Amino acid sequence: MRLPTMSSPPSQAAAAAAAYGCCQRLLLASTSMPTKGRSVGARSARLALKLRSSSLPHVRHRSGSSACQAATGTEPEGSGDEEKEKPGDDASSSSVDSVTQETGYAESDSNSDNMTDETVNTEPLNSNDVFQNIDGNGDATAASDAQEKVEVVDVATGSPLPGMKQQFDESVRIPKATIDILKDQVFGFDTFFVTSQEPYEGGILFKGNLRGQPAKSFEKITNRLQNKFGDQYKVFLLINPEDEKPIAVVVPKQTLQPETTAIPEWFAAAAFGVVTIFTLLLRNVPVLQENLLSTFDNLELLKDGVSGALITALIIGVHEIGHIVAARDTGIKLAVPYFVPSWQIGSFGAITRIVNIVRNREDLLKVAAAGPLAGFSLGFVLLLLGFILPPSDGLGLVIDPAVFHESFLLGGLAKLILGDALKEGTQLSINPLVLWAWAGLLINAINSIPAGELDGGRVAFAMWGRKISSRISSFAIGLLGISALFSDVSFYWVVLIFFLQRGPISPLSEEVTEPENSYISIGVAILLFGLLVCLPYPFPFDASQLNDLGFDL
């Protein structure tokens, strides 16, 4: 608050200075006013201010309606014991910089002369209170016509972070004083120069110009935020989907606490796991698959599916171990995996939530790609062994070669390894390890579809960002919807994605920096490998059939 320059006569300037001095004392003093040479009545002067807990209001003192001016106008003259105010003294102390007060923090700016401003805690009063003036006889005079109007600024309303489940409390807001500190002392010319700000639910969104390397600038910002406010706030460096420019979002950390569930996760995960074991066994007993209702009358037949269930479960387990190992290296916390049962292929894999905030896109790519990479590697090795090794019983499993047309990878390997032995319409005896490994590869491939919060969706998001991955996800779900018209496996998988893992992926702390090229290469290889597993093999195995179609070989 600064006293405007006065060009009035000396008498008027003195009166104005005295009025301003009264105003200043009312703002910075406590609720009681010390006076000299007169008794203070039962009721002392009170200051009417309405302060919201969510934001720090700006108080504007308007000339012509000041209660202090009303008070000085009614003050009796000639009181020798009264404290006199000099215009020069008031002018020298009229520069009162903004005083900010919040829970645990108080900031005050120093002026250019290195003079220290005095900060006095002012008790917030009810807006119905009025300014009261005490005359020389101790009588209180109502000054309703001189009440100050308070301008209250709300600074924290808007939309939540994409994919972030916030436990938002209306009383948790970032005060304006804190926002000023964030702009001036946390962000800066060397990191993120703020040009504008917008309200955000529970926090504030800053637009501006990102300086230097995003990763290093973000590290500086987080360190400054930690030094200023400890763990009170959390900062995100994201990409604005509207203009593809970096934005910074600061929210109170207490609004990002994980939600609790009525049923313990381990109990629900164990129940899903038991059902998945049953479906894995059932999948490897064709007799029971043909008549599901007869399963409970012939439970002893499930033992025939133990070998196949163990191989498929091993591939799924290695997939999850890959996630766990990568998460431990990157500091990402994973929830208990939920294994999803399927009577068609035994299982759809596991749904594993990330319970904390991921640091950057490279860390997300490492964790998301580690599972499919481990599962594909083991499944591919077992698939090759199944083609190469003869059946343990000498007979093996008799199948129709048309089965190999269901997968481009499976059909290509079968044609490459089996050669002329693979003919259309001719029964073929193979090692059952081929089908067991193929089931494990198919489960990994389904989880590698670039859609929603699947492993493939997270890989696509980590490599190409939120906007491009969202479009890829919509396209992939659309293709799955079309294939669901012809395959019950696709139908149930679309349903699971839509209700459980359609996204969006929770925001990362820093989403601007792209992963290294080596990790991007791994991510692309995983998506392509999953595509090879899921796409059908369109070519006939018998070369003579190509001649019949008009192709000369």
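None of the values given here were measured: they were computed from a predicted structure. As a basis for the values below, the full set of heavy atoms in this structure was taken, side chains included, without hydrogen atoms, waters or symmetry mates.
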Q: Give, for atom CD of E242 and atom NZ of K467, the distance between the pair rounded to the nearest 0.5 Å.
A: 9.5 Å

(Q) Please find the pair of heavy atoms, one from N431 and one from G386, that lie closest to each other, and give the distance. (A) CB-O, 3.2 Å

**Q.** Heavy atoms from other residues, nucleotides or ligands near CD of Q226 exceed 12 (cutoff 6.0 Å)
**A.** yes

Q: Measure the acute angle between the ring planes of F541 and F404, then classify it against the limits of 30° and 60° as parallel, tilted or perpendicular.
A: perpendicular

Q: Would you check if L182 and L225 make a side-chain contact, meaning some heavy-atom pair closer than 4.5 Å?
A: yes

**Q.** For F189, ring pair (Phe, Tyr, Trp, His ring centres under 6.0 Å) partners two or more places apart
**A.** F193

Q. For the atom pair CG (L413) and CG (L532), what is the distance rounded to the nearest 0.5 Å?
A. 10.0 Å

(Q) How close do H405 and E424 get, counting heavy atoms only, and between which atoms? (A) NE2-OE2, 2.8 Å

Q. Would one find more than 12 heavy atoms of other residues, nucleotides or ligands at under 6.0 Å from atom CZ of F491?
A. no

Q) Considering only heavy atoms from C-beta outward, does the side chain of I449 approach that of W493 to under 4.5 Å? A) yes

Q: Please name the pair of heavy atoms, one in L238 and one in P507, separated by the smallest distance, quoted to 0.1 Å.
A: CD2-CB, 4.2 Å

Q: Can you measure from CD1 (I247) to CD (E511) and round to the nearest 0.5 angstrom?
A: 9.0 Å

**Q.** Non-hydrogen side-chain atoms of P401 and K423 separated by less than 4.5 Å
**A.** no

**Q.** By side chain to side chain donor-acceptor pair (under 3.5 Å) - contacts of N360 (at least two apart)
**A.** none

**Q.** Side-chain donor-acceptor contact under 3.5 Å, S483 with S490
**A.** yes

Q: Kindly write out the residues that satisfy side chain to side chain donor-acceptor pair (under 3.5 Å) with T513, not counting sequence neighbours, or none if the list is empty.
A: E510

Q. Tell me the side chain to side chain donor-acceptor pair (under 3.5 Å) pairs involving residues 301-312, sequence neighbours left out?
A. none

(Q) Between I430 and L428, is there a side-chain heavy-atom distance shorter than 4.5 Å? (A) yes

(Q) I'd like to know whether W266 forms a ring-ring contact (aromatic ring centres under 6.0 Å, His included) with Y338, so could you lay out the CA-CA distance, the side-chain angles of the two residues, the decisive distance to 0.1 Å, and finally the verdict. (A) CA-CA 9 Å; W266 62 265; Y338 285 80; over 10 Å; no

Q | Partner set under side chain to side chain donor-acceptor pair (under 3.5 Å) for S473, not counting sequence neighbours | A | none

Q: Taking all heavy atoms of I357 and all of S509, pick out the closest pair and write down the distance.
A: CG2-OG, 3.3 Å

(Q) I need the minimum non-hydrogen distance between L435 and I399, along with the two atoms involved. (A) CD1-CG2, 4.2 Å

Q: Side-chain contact test, heavy atoms from C-beta onward, threshold under 4.5 Å: evaluate it for I204 versus V249 and give yes or no.
A: no

Do any side-chain atoms of residues 326-337 form donor-acceptor pairs under 3.5 angstrom with protein atoms, and if so which ones, sequence neighbours left out?
unit_1, atom_1, unit_2, atom_2, d
T330, OG1, A326, O, 3.0
T330, OG1, A327, O, 3.3

Q: Please lay out, stage by stage, how Q344 and Y492 fare under the test side-chain contact (heavy atoms from CB on, under 4.5 Å).
A: CA-CA 10 Å; Q344 299 98 341; Y492 288 111; 3.0 Å; yes

Show me the side-chain donor-acceptor pairs of residues 436-446 shorter than 3.5 Å, one per line, residues at least two apart or across chains.
unit_1, atom_1, unit_2, atom_2, d
W436, NE1, N284, OD1, 3.2
N444, OD1, H319, ND1, 2.6
N444, ND2, G440, O, 2.8

Q. Out of curiosity, R283 CZ to I345 CD1, how far, rounded to the nearest 0.5 Å?
A. 8.0 Å

Q: For F376, enumerate each residue passing the ring pair (Phe, Tyr, Trp, His ring centres under 6.0 Å) test, keeping only those at least two apart in sequence or located in another chain.
A: F529

(Q) Just verifying a value: how many Å separate L496 CG and I351 CD1, rounded to the nearest 0.5 Å? (A) 6.5 Å

Q) Between L210 and S217, is any pair of side-chain heavy atoms under 4.5 Å apart? A) yes

(Q) Taking NZ in K183 as the centre, count heavy atoms belonging to other residues, nucleotides or ligands within less than 6.0 Å. Is the count above 12? (A) yes

Q. Hey, does the side chain of T178 reach the backbone of I174 with a donor-acceptor pair shorter than 3.5 angstrom?
A. no

Q) Going through the distances and angles, do L385 and I388 end up as a side-chain contact (heavy atoms from CB on, under 4.5 Å)? A) CA-CA 5 Å; L385 291 176; I388 297 172; 5.6 Å; no

Q | Residue pair P515 / E362: nearest heavy atoms and the distance that separates them | A | CA-OE1, 3.6 Å

Q: Go through V274 and F278 one step at a time and tell me if the side-chain contact (heavy atoms from CB on, under 4.5 Å) criterion holds.
A: CA-CA 7 Å; V274 171; F278 174 77; over 6 Å; no

(Q) Applying the side chain to side chain contact (heavy atoms under 4.5 Å, CB included) criterion to F380, which one of L409, V533, I315 satisfies it? (A) L409

**Q.** Partners passing side chain to side chain donor-acceptor pair (under 3.5 Å) against T222 (at least two apart in sequence or in another chain)
**A.** none

Q | Under the salt bridge (charged side-chain N to carboxylate O under 4.0 Å, His left out) test, residues paired with K216 that sit two or more places apart | A | none

**Q.** Geometric class of the F229/Y233 ring pair [parallel <30°, tilted 30-60°, perpendicular >60°]
**A.** perpendicular

Q: Assess whether atom NZ of K245 is packed by more than 12 heavy atoms of other residues, nucleotides or ligands within 6.0 Å.
A: no

(Q) Going by the rule ring pair (Phe, Tyr, Trp, His ring centres under 6.0 Å), which residues pair with F187 if we only count those two or more places apart in sequence or in a different chain? (A) F192, F206

(Q) Could you check whether any side-chain N or O of T276 sits under 3.5 Å from a backbone N or O of S347, counting only pairs where one atom can act as donor and the other as acceptor? (A) no

Q.
Would you call the rings of F408 and F539 parallel, tilted or perpendicular, taking 30° and 60° as the class edges?
A. perpendicular

**Q.** I477 and I497, any side-chain heavy atoms less than 4.5 Å apart
**A.** yes

Q) Is the shortest side-chain N to carboxylate O distance from R224 to D190 below 4.0 Å? A) yes

Q. Okay, side chain of S487, backbone of A484: is any donor-acceptor separation there less than 3.5 Å?
A. no

Q: Decide yes or no on side-chain contact (heavy atoms from CB on, under 4.5 Å) for V325 and I321, but give the supporting numbers first.
A: CA-CA 6 Å; V325 172; I321 291 174; 4.1 Å; yes

Q) CD1 of I354 to NE2 of H323: how many Å apart, nearest 0.5 Å? A) 9.0 Å

**Q.** K207 and Q197: side chain donor to acceptor below 3.5 Å
**A.** no

Q: Apply ring pair (Phe, Tyr, Trp, His ring centres under 6.0 Å) to Y519 and list each qualifying residue two or more places apart in sequence or on a separate chain.
A: none

**Q.** Over 12 non-hydrogen atoms of neighbours within 6.0 angstrom of CZ in R211
**A.** yes

Q.
Checking K253 against Q232: is there a side-chain donor and acceptor pair closer than 3.5 Å?
A. no

Q | Any V459 side-chain heavy atom under 4.5 Å of P450 side chain | A | no

